[in-house]
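Have a look at the structure below before the remarks.
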Amino acid sequence: MVNLQDILYQVQLRSVNGNLQTTISGLQIDSRKVVTGNCFIAIKGVQADGHAFIDTAISKGATVIVCEQLPATLKEGVTYVQVENASEAAGWMSHHYYGEPSAKLKLVGITGTNGKTTVATVLYKLFTQLGYDCGLISTVQNMIAGQPYAATHTTPDAISINALLKQMVDAGCRFAFMEVSSHAIHQHRIAGLQFAGGVFTNITHDHLDYHKTFDAYIRVKKKFFDDLPAGAFAISNLDDKRGAVMLQNTVARTYYYSLRSMAEFKGKILENGLTGLLMNINDKEVHFRLIGEFNAYNLLAIYGVAICLGEEKEEVLQMLSEMTGAEGRFDYVVSPAERIIGIVDYAHTPDALENVLKTIRQLRGADERIYTVVGCGGDRDKTKRPAMAQIACDYSDKAIFTADNPRSEDPLEILRDMEAGLNSAARRKYISIADRREAIKTAFSLAQPGDIVLVAGKGHEKYQEIKGVRNHFDDKEEIEKVITLLNK
């Protein structure tokens with residue numbers, strides 16, 4: 001039980017009706033989870049407005065309501081706290097309720113369009129290998145000192161983040177690495193968190209269904225660095241057009257990484273093949289198991305964080321040389337008999353798809369063909385659809401358009417959106433098969449020995465969402481089934 005007044009520090013209050021000395025048994029933003037003695041925080045979300053569920057929360061036992069607009073009727077025995085921004089209040093209240101856990105370990109946030117999961121995951125693996133108990137909050141999974149916990153969002157809600165961080169502190173974790181999405185920044189889910197450092201990977205057109213304009217998307221990402229404290233570090237990709245802009249107003253210590261310019265963390269690719277990357281990093285030559293130029297950038301970001309956190313350069317590079325990436329990121333399977341290479345990658349933005357396909361083209365032999373199976377998510381940014389389709393055709397010998405997570409949309413409508421922007425050359429290089437399982441089978445049936453099949457868009461996901469129902473579906477599992485059939 002925690003005293004309400006003790007957790008309202010740094011929350012912008014507008015009015016209070018009731019007793020601030022009341023104790024609460026927990027915080028909730030979902031009225032369905034409220035139990036007796038809870039504080040319910042009414043947040044205006046994208047899909048629903050928590051203010052509509054205040055009465056439900058009270059009927060289930062909530063004794064404190066935090067909201068932006070007070071209800072017309074205030075119920076006796078309930079304390080109402082009116083705030084300027086309920087989402088921001090949830091962040092600060094969670095921070096205090098759970099004992100300020102982010103200040104009790106070194107929390108590093110990674111933001112950017114692509115690379116967040118790989119950077120966060122490999123940092124977690126690296127620092128675990130260095131002998132520390134660590135935490136991870138990522139798209140693929142959350143980890144606490146070696147124990148996995150399911151992940152539902154790239155960045156969870158403020159209450160869940162702080163609850164996870166408290167578990168990490170209780171488990172003795174010294175470091176935590178966290179993906180920070182643009183949605184989370186904009187929705188104040190990271191309010192109150194005390195970051196020891198931040199990383200910017202890159203920025204490309206994504207989530208414009210939510211942010212509306214690219215400029216708005218950039219401003220949201222930049223806010224993360226603007227808000228870092230003076231004692232923190234900020235590391236940015238100098239080769240990205242917005243890399244320097246991201247750090248121009250931060251008071252944190254600034255560092256850059258680059259393959260093309262002078263920077264504190266300077267890399268050069270010496271060899272790039274299916275066996276990995278041979279790189280020179282700050283005058284040290286190292287072979288890494290990760291593949292492709294995009295992973296060269298990820299490795300520089302990871303190296304930079306490790307050095308900023310005080311680790312030894314040679315030990316970091318030696319351990320990084322053995323590291324594998326995150327599940328569903330350039331994750332490949334080879335058919336033993338046919339020698340067809342199947343690659344699963346989470347690439348679900350035009351830039352990410354282009355990067356992966358460019359990497360494959362660099363790595364393939366002269367006679368090896370590329371088949372790309374790709375779709376676009378329903379109820380998401382429609383402007384990506386023709387761009388994704390054109391890129392798939394431009395960089396592949398044959399593209400197969402299929403369903404991704406259609407959600408509430410008709411998969412055939414999504415395919416028509418993808419096809420609509422194709423130029424005449426691309427129109428000769430694709431086929432559309434709405435059923436994703438059949439699309440993957442078709443790609444492998446067309447492929448010859450030595451060819452490469454990329455299945456893009458879903459990566460680590462173990463489901464396909466159709467009409468609000470999540471059905472089990474795993475791209476890598478489907479590839480392995482096809483390969484098993486081919487080898488019979």
Side-chain angles (χ1 to χ4, degrees), residues 108 110 112-130 175 177 197-204 233-244 246-247 253-326 329-332 343 345 347 351-352 354-365:
V108 178
I110 299 97
T113 307
N114 303 310
K116 294 188 298 294
T117 302
T118 296
V119 172
T121 302
V122 177
L123 276 167
Y124 171 82
K125 290 181 179 181
L126 172 64
F127 275 75
T128 300
Q129 189 74 21
L130 284 165
F175 300 94
F177 305 101
V199 179
F200 170 70
T201 58
N202 50 64
I203 195 162
T204 60
F233 63 83
I235 301 175
S236 182
N237 179 357
L238 191 57
D239 293 346
D240 185 278
K241 282 191 289 188
R242 277 88 183 180
M246 284 292 153
L247 305 192
R253 304 188 313 276
T254 59
Y255 303 88
Y256 292 94
Y257 61 95
S258 173
L259 289 175
R260 299 187 172 91
S261 307
M262 290 306 297
E264 286 85 356
F265 309 114
K266 177 73 171 73
K268 182 180 181 182
I269 297 173
L270 304 176
E271 291 178 18
N272 184 7
L274 274 172
T275 59
L277 282 161
L278 180 64
M279 290 181 68
N280 185 303
I281 294 184
N282 284 10
D283 298 323
K284 296 287 182 184
E285 194 170 299
V286 189
H287 184 273
F288 300 99
R289 293 174 67 180
L290 296 176
I291 294 166
E293 185 182 80
F294 59 95
N295 271 324
Y297 281 107
N298 292 335
L299 285 161
L300 286 171
I302 293 158
Y303 174 72
V305 170
I307 301 311
C308 286
L309 289 174
E311 298 305 311
E312 293 294 328
K313 297 176 183 178
E314 302 233 353
E315 187 177 20
V316 167
L317 290 173
Q318 187 273 320
M319 288 187 176
L320 272 181
S321 70
E322 297 300 317
M323 296 283 162
T324 55
R329 271 63 175 174
F330 216 91
D331 205 348
Y332 63 94
I343 298 173
D345 196 90
D351 182 68
E354 185 172 349
N355 283 340
V356 170
L357 283 167
K358 279 182 175 178
T359 297
I360 293 170
R361 283 167 71 97
Q362 289 167 1
L363 303 180
R364 70 169 172 174

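Positions are given from 1 along the sequence.
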Q: Please answer whether the main-chain N or O of Thr324 pairs with a side-chain N or O of Lys125 as donor and acceptor at a distance below 3.5 Å.
A: yes
Q: Using a strict 4.0 Å threshold on nitrogen-to-oxygen distance, state whether Arg260 and Glu293 make a salt bridge.
A: yes
Q) Under 4.5 Å between any side-chain heavy atoms of Leu320 and Met323, yes or no? A) yes
Q: Pick out which of Leu123, Ile235, Asn298 makes a side-chain contact (heavy atoms from CB on, under 4.5 Å) with Ile110.
A: Leu123
Q) Distance from Phe294 atom CZ to Leu299 atom CG, nearest 0.5 Å? A) 10.5 Å
Q | Side chains of Phe330 and Leu290 in contact at under 4.5 Å (non-hydrogen atoms) | A | no
Q: Run the numbers on Phe127 and Val108 for side-chain contact (heavy atoms from CB on, under 4.5 Å), then give the verdict.
A: CA-CA 12 Å; Phe127 275 75; Val108 178; over 6 Å; no
Q: Starting at CG of Leu309, measure out to CG of Leu130 and round the result to the nearest 0.5 Å.
A: 10.5 Å
Q) Just by distance, with hydrogens left out, do Tyr297 and Asp239 show a side-chain donor and acceptor under 3.5 Å apart? A) yes
Q. Heavy-atom distance under 4.5 Å between the side chains of Arg329 and Asn295, does that happen here?
A. no
Q: Calculate, to the nearest 0.5 Å, the distance between atoms CG and CD1 belonging to Asp351 and Ile203 respectively.
A: 10.5 Å
Q: Look at the aromatic rings of Phe175 and Phe177 and report parallel, tilted or perpendicular, splitting at 30° and 60°.
A: parallel
Q: With Val356 as reference, evaluate Asp345, Asn114, Ile291 under the side-chain contact (heavy atoms from CB on, under 4.5 Å) test and give the passing residue.
A: Asp345
Q. Under 3.5 Å, is there a donor-acceptor pair between the side chain of Asn282 and the main chain of Lys266?
A. yes
Q | For Arg364, all residues meeting side-chain contact (heavy atoms from CB on, under 4.5 Å), sequence neighbours excluded | A | Arg361, Glu368, Ile370, Asp397, Ile452
(Q) Distance check, rounded to the nearest 0.5 Å: Met319 atom CE versus Glu311 atom CD? (A) 9.0 Å
Q: Can you measure from OG1 (Thr113) to CZ (Phe200) and round to the nearest 0.5 angstrom?
A: 7.0 Å
Q) Going through the distances and angles, do Tyr303 and Tyr257 end up as a side-chain contact (heavy atoms from CB on, under 4.5 Å)? A) CA-CA 9 Å; Tyr303 174 72; Tyr257 61 95; over 6 Å; no
Q) Does Asp331 have any side-chain contact (heavy atoms from CB on, under 4.5 Å) partners at least two apart in sequence or in another chain, and if so, which? A) Glu327, Val344, Lys476
Q: Rounded to the nearest 0.5 Å, what's the gap from CE on Met246 to CG on Leu238? Could you check?
A: 13.0 Å
Q) Under a 4.5 Å cut-off applied to non-hydrogen side-chain atoms, are Phe233 and Val305 in contact? A) yes
Q: Identify the heavy atoms of Ala301 and Val119 that sit nearest to each other, and give their distance.
A: CB-CG2, 4.3 Å
Q: Assess whether side-chain contact (heavy atoms from CB on, under 4.5 Å) is satisfied between Leu278 and Glu285, documenting all intermediate values.
A: CA-CA 7 Å; Leu278 180 64; Glu285 194 170 299; 3.9 Å; yes
